[in-house]
Amino acid sequence: MVSLTSLVSSCVMWFLATVLPCVALVSARHDLLSRSLSKLTLSGPASLPTDATLPLNPALASFSIETAYFEQWIGNQSYPNKFSQNLFENLKERTGVPAEVRIGGITADSTFWDPNQEAALYNFIDDRGALRNTTLGPQFWNCVKLLPEGTKIVMTLNLGSSNYTGTLDMAKAAWMGLGSPQISRFELGNEPDHYNPKLDPKTYTAIWEPWTINISKALGIDYPEFQIGATVANPAQPHNTPQADAQLDCVSVLAAGANDGHTVTTCSEHTYQYSVCDPSSAAGATLVNLVNHTRLAEYLDLWQPRIHSVRAQLGPDAFVIGEFNSVSCGGRANVSNTFGQAMWLLDTILYAASINVSRYVTRVPRMNLQPNLISSMYVHQGAHAHYNLWSTVDNIQVFPSYSAYLFVTEAIGYSNPLRLSNIFPGRQADGSSVTTAGGDPSAGQISVYGFWDEKSTNSHDYPTKLALLNLELYSQTDTYPRPDTTIDISAYLPKNTQEVIVKWLTAPGSDVMSADLTTWAGQTFASGVAEGNIVEEKVSNGQVVVKASSAALVYWSVA
């Protein structure tokens, strides 16, 4: 017979184990919904902001592909990778300019040239399955030519092996194989700030400067000039201290005289907001941390002092992010391969451009493009990395992140020159993005960018496009109604009755990992080409309702 005390105890335990967690969950969902910003009115003014970028390069969204796996991505002359070719062509179709490709990454510093090798690329794998080195042969350049016509290449040469003759041989082979129509810059080494033994600005410059001068002389060319840096460590804070000045980065090596030979055309630094390279850093690599405008803006703002310095020394178009992604060491499953990463990628590219991480275009007739255009953001792609935009080995598939590149290229389109500004949450006095503490009522969940087309009528008075991002996380397994925010864009429209067209980037939730469930303007791209009909929405009252974990490209005709 069960005692009254035991019965009461059992009931209490059942309540604590079953009912209370449900109440807590409902309460948490209620708190989440109550924190959502239901309405946002953009206040303007609609005129071109003083902090707007110079004209953007149509190839703003570009790629860095690991040298050792380049053939897996692109194929070769006998077996071209049609899947990858279609995905690259989709981007070119939207701007008329192909994405630029950096051939580099950590394997570039163990890559060598063999003029007698029949294979385009050979990877030496040891008995333990570790990649030891990579050798390129003459057929490799035919692999590169499988990229869309007009694709510019940044070729990373081997610095880590400290073999000048071998590096010169590779530079000569690349120049002969591709030449000035395709190579935009050479780059020496990948992430030299992580070399062992450690390099400081002076020891790096002592190698980098004479090598670039001698390679240029040996090739008998003035262009391509070189891209300096390719460093990866986050800038030390505060930035104006002896510790920060001692870091190996673009600013410190320029101060050490790396450009005394006038071989530098651009500076490149790498950014990975999170990492799984060690357990202590892996804990922070979550969707909640990743998909938030405040966090990503605060991270990229670390580079603002360097950006200002490099632009002052080398020109307004000299700073690029030559390699980036969400989580270093290959990304993280269920984070980097999700639709949440697509939202992060979209906001990262647009925000980075807004703080002048960009190679600008000043002379771009619609279809008569200059041969030396340089883009600014190179998303890194490896072999089996979770952060890849698509996979070309084993389970061949497209990941949701690819849709962010479709959004960016369509936003830029053929409208050259096009200028960009982050109009919400906007800027603080120091030029950084407005943080939650600084007065962002959306708590980092809403980000809005304006695009001003200088070829349009009254080009400085009103933008011609807006990008509206709702970064609030919503999972496909959530059972509560999907939150949304109504964004009043009336202040940016030329007429009160202006009808606008809206194209949506969306998925059932931020945790979606399938391109079949990810749509851009109503179409899916899981097969490598567009499937389905284009879907556009028309809005005539200036109120655009943006659901959590989705983004809208809004545009309208200009008289």
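All values below were derived from every heavy atom in this structure, side-chain atoms included, with hydrogens, water molecules and symmetry-related copies excluded. Everything quoted here is computed from the prediction, not taken from an experiment.
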Worksheet item: Less than 6.0 Å separating the ring centroids of Trp73 and Phe88?
Response: no
Fill in: From CA spacing to verdict: ring pair (Phe, Tyr, Trp, His ring centres under 6.0 Å), Phe140, Phe70
CA-CA 9 Å; Phe140 181 77; Phe70 186 84; 5.4 Å; yes
Worksheet item: Can you list the steps and then say if Asn90 with Tyr405 is a side chain to side chain donor-acceptor pair (under 3.5 Å)?
Response: CA-CA 10 Å; Asn90 292 336; Tyr405 264 38; over 6 Å; no
Fill in: Contacts of Cys143 that satisfy disulfide (SG to SG under 2.5 Å) - sequence neighbours left out
none
Worksheet item: How about Asp109 and Tyr195: does a side-chain donor come under 3.5 Å of a side-chain acceptor?
Response: yes
Worksheet entry | Under the side-chain contact (heavy atoms from CB on, under 4.5 Å) test, residues paired with Ala255 that sit two or more places apart | none
Worksheet entry | Any side-chain donor near an acceptor of the partner, Ser391 and Asn388, under 3.5 Å | no
Worksheet item: For residues Arg102 and Ser64, is any side-chain donor paired with an opposing acceptor at under 3.5 Å?
Response: yes
Worksheet item: Going by distance alone, is a donor N or O of one side chain under 3.5 Å from an acceptor N or O of the other, for Thr67 and Thr111?
Response: no
Worksheet entry | Distance in Å, Asn81 CG paired with Asn76 CG, rounded so as to fall on 0.5 Å steps | 10.0 Å
Discussion item. Less than 3.5 Å apart, any donor N or O on the side chain of Asp51 or Ser421 sitting next to an acceptor on the other?
Written reply: yes
Worksheet item: Can you list every ring pair (Phe, Tyr, Trp, His ring centres under 6.0 Å) pair that touches residues 265-296, not counting sequence neighbours?
Response: His293-Tyr351
Practice prompt. Not counting sequence neighbours, which residues clear side-chain contact (heavy atoms from CB on, under 4.5 Å) with Asn292? List them please.
Written response: Thr294, Arg295
Worksheet, complete the sentence: For residues 259-292, the disulfide bond (SG atoms under 2.5 Å apart) pairs (sequence neighbours left out) are Cys250-Cys267, Cys277-Cys329
Response to the item:
Hits for side-chain contact (heavy atoms from CB on, under 4.5 Å) against Ala258, two or more places apart or cross-chain, chain-then-number order -> Thr205, Trp208, Ile228, Val253
Discussion item. Test: salt bridge (charged side-chain N to carboxylate O under 4.0 Å, His left out). Region: residues 330-348. Which pairs qualify, not counting sequence neighbours?
Written reply: none
Discussion item. Less than 3.5 Å apart, any donor N or O on the side chain of Trp113 or Thr135 sitting next to an acceptor on the other?
Written reply: no
Practice prompt. Decide whether Asp440 and Ser442 meet the rule of one side-chain donor and one side-chain acceptor closer than 3.5 Å.
Written response: yes
Worksheet entry | Between Thr134 and Asn123: side-chain donor-acceptor atoms closer than 3.5 Å | yes
Worksheet item: How would you list all residue pairs meeting salt bridge (charged side-chain N to carboxylate O under 4.0 Å, His left out) that involve residues 218-239, not counting sequence neighbours?
Response: none
Discussion item. Quick check for you: to the nearest 0.5 Å, what is the distance between His380 atom NE2 and Ile321 atom CD1?
Written reply: 14.5 Å
Worksheet entry | Contact list for residues 191-232, test disulfide bond (SG atoms under 2.5 Å apart), sequence neighbours left out | none
Discussion item. Applying the side-chain contact (heavy atoms from CB on, under 4.5 Å) criterion to Leu121, which one of Glu71, Gln139, Gln72 satisfies it?
Written reply: Glu71
Fill in: Heavy-atom closest pair, residues Gln381 and Leu389
OE1-N, 2.7 Å
Discussion item. Whether the Arg185 and Ser268 side chains hold a donor-acceptor pair (N or O, under 3.5 Å, no angle test) is what I'd like checked.
Written reply: no
Worksheet item: What pairs with His308 under side-chain contact (heavy atoms from CB on, under 4.5 Å), at least two apart in sequence or on another chain?
Response: Gln304
Worksheet item: So how far is it from Gln85 CD to Ile74 CD1, rounded to the nearest 0.5 Å?
Response: 7.5 Å
Worksheet item: If we ignore angles and hydrogens, is there a donor and acceptor under 3.5 Å between the side chains of Tyr378 and Glu100?
Response: yes
Discussion item. Under the ring pair (Phe, Tyr, Trp, His ring centres under 6.0 Å) definition, can you give me all pairs with a residue in residues 145-193, not counting sequence neighbours?
Written reply: Tyr164-Trp211, Phe186-Phe226
Discussion item. Test: salt bridge (charged side-chain N to carboxylate O under 4.0 Å, His left out). Region: residues 52-68. Which pairs qualify, not counting sequence neighbours?
Written reply: none
